[in-house]
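These notes concern the structure reproduced below.
Remember, predicted model here, so these are calculated numbers, not experimental data. Side-chain atoms are counted along with the backbone in the values below, which use heavy atoms only and exclude waters and symmetry mates. So you know, we letter chains A, B, ... as the sequences are listed, proteins then strands, and number each from 1.
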2 protein chains.
Amino acid sequence: MSTPKEHEKLSDYISSQKLKQSHKRLTVLKAISASPKRHLTAHEVLALLNKKRSGIGQATVYRSLRLLCDAGVLNELRCEDGSSRYEFASAGSHHDHLICTKCGRFVEVFDPEIERLQDKLFARHGFYPERHKLELYGVCRMCKR
Amino acid sequence: MSTPKEHEKLSDYISSQKLKQSHKRLTVLKAISASPKRHLTAHEVLALLNKKRSGIGQATVYRSLRLLCDAGVLNELRCEDGSSRYEFASAGSHHDHLICTKCGRFVEVFDPEIERLQDKLFARHGFYPERHKLELYGVCRMCKR
DNA sequence: TCGATATTGATAATCATTATCATTTTAACG
DNA sequence: CGTTAAAATGATAATGATTATCAATATCGA
Ligand SMILES: [Mn+2]
Ligand SMILES: [Mn+2]
Ligand SMILES: [Zn+2]
Ligand SMILES: [Zn+2]
């Protein structure tokens, strides 16, 4: 899924920052691409890699996730339990999330009207807008038994 | 600010749960009430108490904050940095927040139209709604130089 | 006042993440 | 191709907010 484009974005960032290409960093990116889950924790990424006996340590996973965010390949979502989840930044650009409190399912949503009303709130209070976080918690269809 | 009412709410909860009244727990509540800051971290509450030589330990602060939330006196806001902030639950009931990324100012906002559109998103995706979190990050008027 | 039970404080433990630092890779250059 | 400076890596220690433990203390109904 959107693999070559993401690799290129990573490559470009590495060049622009005078860093060095590394095989393990690419392996992390590929593991995330190959997973059906689209919102992964560092721990889950590490588990994917261990299953493949990649020999990649957790420090490298954390460092790679950070760098992939800096490169604009991934987005970090800070969860309420203190951990973070990572998703591809490209996929549909900005969106918010419906989150099932039973099974943890993430559903991506976007409502241009809500976005517009948010901008009005910023303006009404004299704020220069930078970003927002909208998370809707509830029980999904599957989990409602 | 809204002190007697909050004390009563705490008292009622303590009775209903067959707990015991404690002087130190009340001191924590009073310190929060007396502070001009309306969205405090546990660390900030502890600092307020230490300034008064209350002899209240941090474990008790954490336990009191938890209990005050259970009693419906306080709301916990989980921040992106991994810490929590506490505000009075009564004050205007539900609202969302504009947060200044420079000075940390919290501005309370409420937009019934946004709330309505959120409910429609829940419904459209077959979710049973439980709660939501909307945080608008930007630079406040004071901080825009 | 007594005794059962809740509260407290000091401190250890937890959990996700970051920092350290010695060792290994990378890649530019000769 | 080797050499080499700089980046990447892994093992592990450290961090920071919060929670758990447990012995000592406070509360409160009988
Ligand atoms: Mn998403
Ligand atoms: Mn508030
Ligand atoms: Zn579900
Ligand atoms: Zn500000």
**Fill in**
Checking C:dT26, D:dT18, D:dA11 against the side chain of B:S84 (C-beta onward), the nearest is D:dT18

**Request:** Hey, can you tell me if B:F127 and B:F122 have their rings parallel, tilted or perpendicular (30° and 60° cut-offs)?
**Result:** tilted

**Item:** Selection from C:dT8, D:dT18, D:dG10 that lies nearest to any side-chain heavy atom of A:I56
**Value:** D:dG10

**Asked** How close or far is atom C1' of C:dT18 from atom CG of A:L67, stated in whole angstroms?
**Response** 15 Å

**Request:** Would you mind classifying the nucleic acid contact of A:R66 as base, sugar-phosphate or nothing, using non-hydrogen atoms under 4.0 angstrom?
**Result:** sugar-phosphate

**Prompt:** If you find the nucleotide of DNA chain C closest to A:T41 and the one closest to B:R63, which residue's nucleotide is nearer the 5' end?
**Reply:** B:R63

**Item:** Side-chain-base donor-acceptor pair under 3.5 Å for B:K20 and D:dA26
**Value:** no

**Asked** Would a line drawn from the ring center of B:H97 to the ring center of B:F106 be shorter than 6.0 Å?
**Response** yes

**Request:** Give the rounded distance in Å between these two atoms: CG of B:L65 and P of D:dA17.
**Result:** 14 Å

**Prompt:** Expressed in angstrom and rounded to an integer, what is the separation of A:Q21 atom CD from D:dA6 atom P?
**Reply:** 19 Å

**Request:** Return the 5'-most residue of the pair A:K18, B:E76 with respect to DNA chain D, ranking by each residue's nearest nucleotide.
**Result:** A:K18

**Prompt:** Is there a donor-acceptor pair under 3.5 Å between the side chain of B:R131 and the backbone N or O of A:Y137?
**Reply:** no

**Prompt:** B:Q58 side chain: which of C:dT17, C:dT11, D:dA8 is closest?
**Reply:** C:dT11

**Prompt:** What bend angle does the helix from C:dT1-D:dA30 to C:dG30-D:dC1 show across its length, from five-pair end axes and to the nearest 10 degrees?
**Reply:** 20°

**Asked** From C:dT17, C:dT8, D:dG10, pick the nucleotide closest to the side chain of B:T60?
**Response** C:dT8

**Request:** For this output row, return yes or no: ring centroids of B:H132 and B:H94 closer than 6.0 angstrom.
**Result:** yes

**Prompt:** What's the closest nucleotide to the B:Y62 side chain, out of C:dG9, C:dT7, D:dT19?
**Reply:** D:dT19

**Request:** Quickly work out the A:D81 CG to D:dT19 P distance and round it to whole Å.
**Result:** 13 Å

**Asked** Under the 3.5 angstrom rule, does the side chain of B:S64 hit a backbone N or O of B:T60 as a donor-acceptor pair?
**Response** yes

